[in-house]
A.B. asks: 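Below is a structure I'd like to ask you about.
Because the structure is predicted, anything quoted here is derived from the model rather than measured.
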Amino acid sequence: LQSTDIVWAIILAEYVNGEDLGVVEILAAFLSGTGSFLIGLHAVDTLETPLMSILVNLLPPLILALCLSTLRMGAQELFRPDNRLAGSISVVEFTAI
């Protein structure tokens, strides 16, 4: 279920940050989702796990993707030249924070 992280990250990048997605990003998300689906099909045959536990295990990748998109949105804001810092923060300073 952790492999669904890239799918959530791409969805949130488009809707939260307004990023333009290319063919490579969409293909990567599709292949990752397909792999998760195939593993899930195999797990249904071999495991007897209630649906609620599977849904609970889908939450951490979603939360991680939300944190990633929020961090990216904050970084974009800091690097903009028309903000309060005038874009003066460097990549090294941002990484150190």
Side-chain angles (χ1 to χ4, degrees):
L1 294 175
Q2 190 66 32
S3 62
T4 61
D5 183 35
I6 191 169
V7 175
W8 294 118
I10 287 178
I11 290 170
L12 289 174
E14 183 173 352
Y15 291 111
V16 172
N17 295 339
E19 296 180 20
D20 294 328
L21 299 178
V23 175
V24 175
E25 290 89 355
I26 294 172
L27 183 63
F30 177 74
L31 290 175
S32 177
T34 303
S36 296
F37 178 73
L38 291 174
I39 291 171
L41 282 179
H42 176 68
V44 167
D45 294 338
T46 59
L47 297 175
E48 294 197 18
T49 306
L51 180 63
M52 187 60 156
S53 64
I54 292 174
L55 293 177
V56 167
N57 282 324
L58 277 174
L59 284 177
L62 177 62
I63 293 170
L64 180 63
L66 187 60
C67 291
L68 178 70
S69 65
T70 306
L71 179 65
R72 185 163 171 83
M73 184 172 44
Q76 288 174 344
E77 179 66 29
L78 282 174
F79 295 136
R80 269 193 15 229
D82 62 339
N83 70 5
R84 188 175 195 102
L85 296 174
S88 63
I89 190 166
S90 70
V91 177
V92 175
E93 289 173 315
F94 183 75
T95 304
I97 292 174

A.B. asks: Might you point out which heavy atoms bring Ala9 and Ala65 nearest each other, and give the distance in Å?
C.D. replies: N-CB, 3.5 Å
A.B. asks: To the nearest 0.5 Å, how far apart are CG in Leu68 and CD1 in Ile63?
C.D. replies: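 With rounding to 0.5 Å, CG (Leu68) is 13.5 Å from CD1 (Ile63).
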A.B. asks: Can you tell me which residue pairs pass the salt bridge (Lys or Arg N to Asp or Glu O under 4.0 Å) test with a partner in residues 53-76, sequence neighbours excluded?
C.D. replies: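 The answer is Glu19-Arg72.
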A.B. asks: Shared ILVMFWY cluster between Val24 and Val7, side chains joined below 4.5 angstrom?
C.D. replies: no
A.B. asks: Between Leu27 and Leu21, is there a shared hydrophobic cluster once you connect ILVMFWY residues whose side-chain heavy atoms come closer than 4.5 Å?
C.D. replies: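 They do not share one cluster, since no chain of ILVMFWY contacts under 4.5 Å joins Leu27 to Leu21.
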A.B. asks: Could you check whether any side-chain N or O of Thr34 sits under 3.5 Å from a backbone N or O of Phe30, counting only pairs where one atom can act as donor and the other as acceptor?
C.D. replies: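 Looks like yes, one N/O pair under 3.5 Å.
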A.B. asks: Indicate the atoms forming the closest heavy-atom contact of Ile10 with Ala29, along with that distance.
C.D. replies: CD1-CB, 3.6 Å
A.B. asks: Within the 4.5 Å heavy-atom criterion, are Leu12 and Leu66 side-chain neighbours or not?
C.D. replies: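 In contact.
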A.B. asks: What residues form a side chain to side chain donor-acceptor pair (under 3.5 Å) with Asp82, not counting sequence neighbours?
C.D. replies: Arg80
